[in-house]
Amino acid sequence: MSLYENIKEKIMDNLVQAANTAKGAGEFSFEELPAFVLEEPRERQHGDLATNLAMVLAKQAKRSPRDIAAILIKHIDTTGTWIEASEIAGAGFINFRLSPLWLTGVIEEVLKAGENYGQVDIGKGQKIQVEFVSANPTGLLHMGNARGAALGDSLASLLTMAGYEVSREFYINDAGNQIHNFALSLEARYLQQLGQDAAFPEGGYHGEDLIETVKGLITKIGDKYVSVEPGLRREFLVRYALDEKMRNIRETLQDFGVNYDVWFNEQSLHDSGAVRSTMEELEKKGYIYEKEGAHWLKSTLFGDEKDEVVIRSNGAPTYFAADIAYHRNKFERGFNRVINIWGADHHGHVARMKGAMSALGYDPDNLQVILMQLVRLIQNGEVVKMSKRSGQYITLRELMDEVGKDAARFFFNLRDPDSTVDFDMDLARAQSSDNPVYYVQYAHARLCSILRQAEEMGDTTAPASELELQRLESSEERDLLKKMADLPSEITIAARLMEPHRLARYVLDLAGLFHTFYNSQRVLVEDEGLRRARLSLVRAVRQIVSNVLGILGVSAPERM
RNA sequence: GCGUUCGUAGUUCAGCUGGAUAGAGCGUCAGACUUCGAAUCUGAAUGUCGGGGGUUCGAAUCCCUCCGAACGCACCA
């Protein structure tokens, strides 16, 4: 537990103690201590920490919050808490002012922990899987996938920082109807490129990339497959194209800073019989019935709006059936929690997937789905409908080429997944130098620059002493130190809420506080002790900026 | 029609389990480089938190209702 978290916990404990003491002394009574908070007030004048304990006790104690506050203050043991002053304010808040001396400990804490600063252990080594992107291998990655990739990867890093054992996974939909469609589209393109008369299938994939794939293939094998039996021809084309598409997807994601632990094939679930055995399991439990020749899952028993088909009347399993088998497989692999990142257009799928897990005897709460609102593409001030089938979309590759990996990842992680993002490529291109990511990266480069110059001046890297660190007493320095002390709590909250965007906000704030400090105080001053103290501060800030950018998958440049 | 998510400054967006006077970036206006990086900083202006009702000592946050938007409601995935 971090220094700051320790202090807060100690004060919380002492507050509980104080309430119990008062109760014992008969000064007021309560059955059970209600939940209360100890937090940093927004207004600086309200001190460093404030609690609402007196207010939440008021009802049970049948006394006014301010009276209760006065009694509590009387009983609070402040030893070891750094509390310097306590006062009653407003409706009955108790505000604490801490001695600023505790802050200097933060620097030592950061420098000691290094790249591990910010690590907390709410995960306690639990195994979590984060499945994200899982784009259909029938085309290139687009903006929506980019958002999913930025969110999923950063969430995985965040959870790792919070003490979970995390596995990143990509589910490859390489089976089913869409693959059949894909095959027909490829076949048509192949024949067309060779001058044959071939009709493009209804609902086929119109993307230009498909034509490129076929052209590439033709330079290798020519018209060899024109005269081959269609079934074999399609199988060959699909295998070739899927292989190429998946290689492209892997490389693109890797360039976007995303590295998966597992690439999972849907086809393997069919091959291994997992889909069939899962359906049999559900049938044995009585959750499957037949109607109009198809097999249905009674998902309404688990809160779904309607029952769902799992086996079509033609005997083929639906995508849903395979997905149930897939999620069962995840739990069988021993994950305590499984997180999926889905586009908001899949929200109808959530209830039935959780329902299916309940039916199989798993706790549906261990399957958590983060729904990400869609990314809308704006062109010439109008919304452009993106779709793989229409072939009209901006690819992740184009996005990286135009605005860069760092700007793109920061852009997406600055937003709550629940908010719809309008993305205007022209605007993004024009404003890319205004992207907030550069504000943070600039802070990092500036921090590095100071350290470089200190080194050139022959400044030793000797750490500042406790006494020297206590000379960091300007309000700019203290604000900065407090923010630095806050990182472990931020990680805890962000991990609990599964919201990496909180860290993007955090590091923006931190960078801002640093820039303010930089403009008001000089680091490389004559006074050796003070210089050592400020250099230690600079080193610590640099470490934190680097750590947080790391979680967000954004690089921390030493110069720019 | 039913369901999910959303509606906060001119604009793009933050705002954990309800807390005190709702915050940033961009834009606008006024300032700061012979000194560690001006991709920076300082200051100013800007709001019926979509409307209405309710719960509460206290609501942008929870509940109801209305309005508006996006997305779902296939033997597609």
Side-chain angles (χ1 to χ4, degrees), chain A residues 35 37 39 41-43 45-46 50-52 55-56 58-59 64-65 89-93 95 136 138 173 175-179 181 203 266 291-296 305-306 308-320 322-323 343-351 371-374 376 383 411 414-422 424 427 431 433-439 441-443 445-454 457 489-490 492-494 496-497 499 501-502 504-505 508-509 511-512 514-525 531 534-535 538 559-560:
Chain A
V37 294
E39 59 189 359
R42 205 171 40 227
E43 300 294 322
Q45 68 197 44
H46 294 138
T51 180
N52 63 348
M55 289 184 284
V56 295
K59 192 166 244 178
S64 86
F93 288 99
N95 295 338
N136 288 335
T138 52
N173 298 123
N177 254 338
Q178 58 166 358
I179 293 302
N181 249 333
E266 178 185 351
K291 194 179 82 180
E292 293 160 6
H295 289 65
W296 300 69
E305 292 167 31
K306 56 181 180 48
E308 297 290 328
V309 172
V310 284
I311 310 282
R312 299 188 190 93
S313 47
N314 68 7
T318 60
Y319 165 84
F320 182 45
D323 219 14
D345 53 341
H346 284 65
H347 70 77
H349 205 53
V350 177
L371 289 174
M372 190 179 62
Q373 293 301 312
L374 304 181
R376 295 194 305 172
V383 176
F411 174 84
L414 212 43
R415 283 158 178 76
D416 186 315
D418 276 336
S419 69
T420 314
V421 169
D422 286 344
D424 188 326
L427 211 63
Q431 294 186 341
S433 64
D434 287 334
N435 190 302
V437 75
Y438 297 112
Y439 183 80
Q441 290 184 318
Y442 182 63
R446 201 176 226 184
L447 285 155
C448 290
S449 169
I450 297 169
L451 294 173
R452 270 197 304 273
Q453 285 183 49
M457 284 166 56
S489 314
E490 287 290 341
T492 302
I493 294 170
R496 182 160 47 78
L497 300 175
E499 293 182 347
H501 74 273
R502 302 184 77 91
R505 300 279 162 186
L508 263 178
D509 287 348
F514 165 68
H515 284 309
T516 299
F517 156 73
Y518 177 89
N519 277 280
S520 70
Q521 323 281 336
R522 206 181 150 75
V523 176
L524 302 175
V525 289
R531 186 170 74 230
R534 289 191 174 150
L535 276 171
V538 164
R559 301 168 200 271
M560 53 193 288

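The chains referred to below are lettered A, B, ... by the order of the sequence lines, with proteins before strands, and numbering in each begins at 1.
Judged by distance alone, the side chain of A:Thr318 and the main-chain N or O of A:Ile311 form no donor-acceptor pair under 3.5 Å. Under a 3.5 Å cut-off, the side chain of A:Asn136 and the backbone N or O of A:Thr138 do not form any donor-acceptor pair. Of the possible donor and acceptor atoms, one in the side chain of A:Thr516 sits under 3.5 Å from a partner among the backbone N and O of A:Gly512.
Distances from the side chain of A:Arg415 to the nucleotides B:A14, B:G37, B:G19 place B:A14 closest. In this structure, the nucleotide among B:A77, B:C16, B:G37 sitting nearest to the side chain of A:Tyr518 is B:G37. Picking from B:A20, B:U40, B:G15 the nucleotide with the shortest atom distance to the side chain of A:Arg502 gives B:G15. For A:Ala91, taking side-chain heavy atoms from C-beta onward, the closest of the listed nucleotides B:A14, B:C6, B:G19 is B:G19. Listed nucleotides: B:A39, B:A14, B:C75. Nearest to the side chain of A:Ser419: B:A14. Of the candidates B:G19, B:A70, B:G15, B:G19 carries the atom nearest the A:Glu39 side chain, counting heavy atoms from C-beta on. Of all nucleotides listed (B:C75, B:A38, B:C16), B:A38 comes nearest to the side chain of A:Tyr442. Distance from the side chain of A:Arg446 is smallest to B:A38 among B:A38, B:G19, B:C75. Residue A:Leu374 has its side chain nearest to B:C71 when only B:A77, B:U17, B:C71 are considered.
Distance noted for atom C1' between B:A9 and B:A22: 11 Å (whole Å). Remark: the separation of the C1' atoms in B:A14 and B:A77 is 35 Å, to the nearest Å. Atom name C1', nucleotides B:G19 and B:U61: the rounded distance is 11 Å, in whole Å. Annotation: B:U11 and B:G50 have their P atoms spaced 14 Å apart (nearest Å).
Looking at heavy-atom distances under 4.0 Å, A:His46 makes contact with a base. Using a 4.0 Å heavy-atom criterion, one finds that A:Ala294 contacts the bases of the nucleic acid, with or without backbone contacts as well. Residue A:Ala89 is classed as a base contact, given a heavy-atom separation below 4.0 Å to a base. Among the heavy atoms of the strands, none lies under 4.0 Å from A:Val525. The residue A:Ala50 sits close to a base: some heavy atom pair falls under 4.0 Å. Residue contacts for A:Val56: at a heavy-atom cut-off of 4.0 Å it reaches a base atom on one of the strands shown. Residue A:Ala443 is classed as having no contact, given no heavy-atom separation below 4.0 Å to the nucleic acid. A:Leu524 comes within contact range of at least one nucleobase, with a heavy-atom separation under 4.0 Å.
In this structure, the CZ atom of A:Phe514 is 14 Å from the C1' atom of B:A38, given to the nearest Å. With rounding to whole Å, A:Glu308 atom CD is found 14 Å from B:G3 atom C1'. To the nearest angstrom, C1' of B:C36 lies 5 Å from CZ of A:Arg522. Remark: C1' of B:A24 and CG of A:Asp509 are 8 Å apart, rounded to the nearest angstrom. Rounded to an integer number of Å, the gap from OH of A:Tyr439 to C1' of B:U12 is 17 Å. The nearest whole Å value for the distance from the NE2 atom in A:His346 to the C1' atom in B:A74 is 13 Å. Between A:Glu499 atom CD and B:U61 atom C1' there is a gap of 13 Å when expressed in whole angstrom units. Atom CG in A:Asn95 sits about 11 Å away from atom C1' in B:G19, given to the nearest Å.
With hydrogens and angles left out, the side chain of A:Ser313 and the base of B:C75 share a donor-acceptor pair within 3.5 Å. The base of B:G19 sits with one of its N or O atoms less than 3.5 Å from a complementary donor or acceptor on the side chain of A:Asn52. Taking only distance into account, the side chain of A:Arg496 meets the base of B:C16 through a donor-acceptor pair shorter than 3.5 Å.
Within the 4.0 Å cut-off from OP1 or OP2 of B:C26, not a single side-chain nitrogen or oxygen of A:Tyr438 is found. Neither OP1 nor OP2 of B:C16 sits under 4.0 Å from any side-chain N or O of A:Ser489. Put simply, A:Gln521 has no side-chain N or O that comes within less than 4.0 Å of OP1 or OP2 on B:C36. The side chain of A:Arg505 places no N or O atom within less than 4.0 Å of a non-bridging phosphate oxygen (OP1 or OP2) of B:C13. Phosphate contact (OP1/OP2 of B:A69, side-chain N/O of A:Thr420, threshold under 4.0 Å): absent. Within the structure, every side-chain polar atom (N or O) of A:His347 is placed at least 4.0 Å from both OP1 and OP2 of B:A70.
Distance check, rounded to the nearest 0.5 Å: CD of A:Glu308 to CZ of A:Phe320 gives 6.0 Å. To the nearest 0.5 Å, atom CD of residue A:Gln178 and atom CG of residue A:Asn173 are 5.5 Å apart. To the nearest 0.5 Å, the span separating CG on A:Asp416 from CD on A:Gln373 amounts to 9.0 Å. The line from CG of A:Leu447 to CZ of A:Arg452 is 10.5 Å long, rounded to the nearest 0.5 Å.
Remark: A:Arg415 qualifies as a cation-pi partner of A:Phe411 under the 6.0 Å distance and 45° angle criteria applied to the six-membered ring.
Across all strands shown, B:U42 is found opposite B:A30 as a Watson-Crick or G-U wobble partner, with both distances under 3.5 Å. B:G7 is paired with B:C67 under the criterion used here, namely a Watson-Crick or G-U wobble arrangement in which both key atom distances are under 3.5 Å. Under the Watson-Crick and G-U wobble criteria, each requiring two contacts below 3.5 Å, nucleotide B:C62 is paired to B:G54. When both distances must be under 3.5 Å, the Watson-Crick or G-U wobble mate of B:C73 is B:G1. If you check B:A24 for Watson-Crick or wobble pairing at under 3.5 angstrom, you find it paired to B:U12.
The residue among A:Tyr319 and A:Pro65 whose nearest nucleotide of RNA chain B lies closer to the 5′ end is A:Pro65. Each of A:Asn177 and A:Ser520 was assigned the nucleotide of RNA chain B with the nearest heavy atom; the assignment lying further toward the 5' end belongs to A:Ser520.
Ring-plane geometry between A:Phe514 and A:Tyr518 is classed as tilted, the angle between the planes lying from 30 to 60 degrees on a 0 to 90 degree scale.
Nucleotide B:C29 carries an anti base; the chi torsion (O4'-C1'-N9-C4 or O4'-C1'-N1-C2) is more than 90° from 0.
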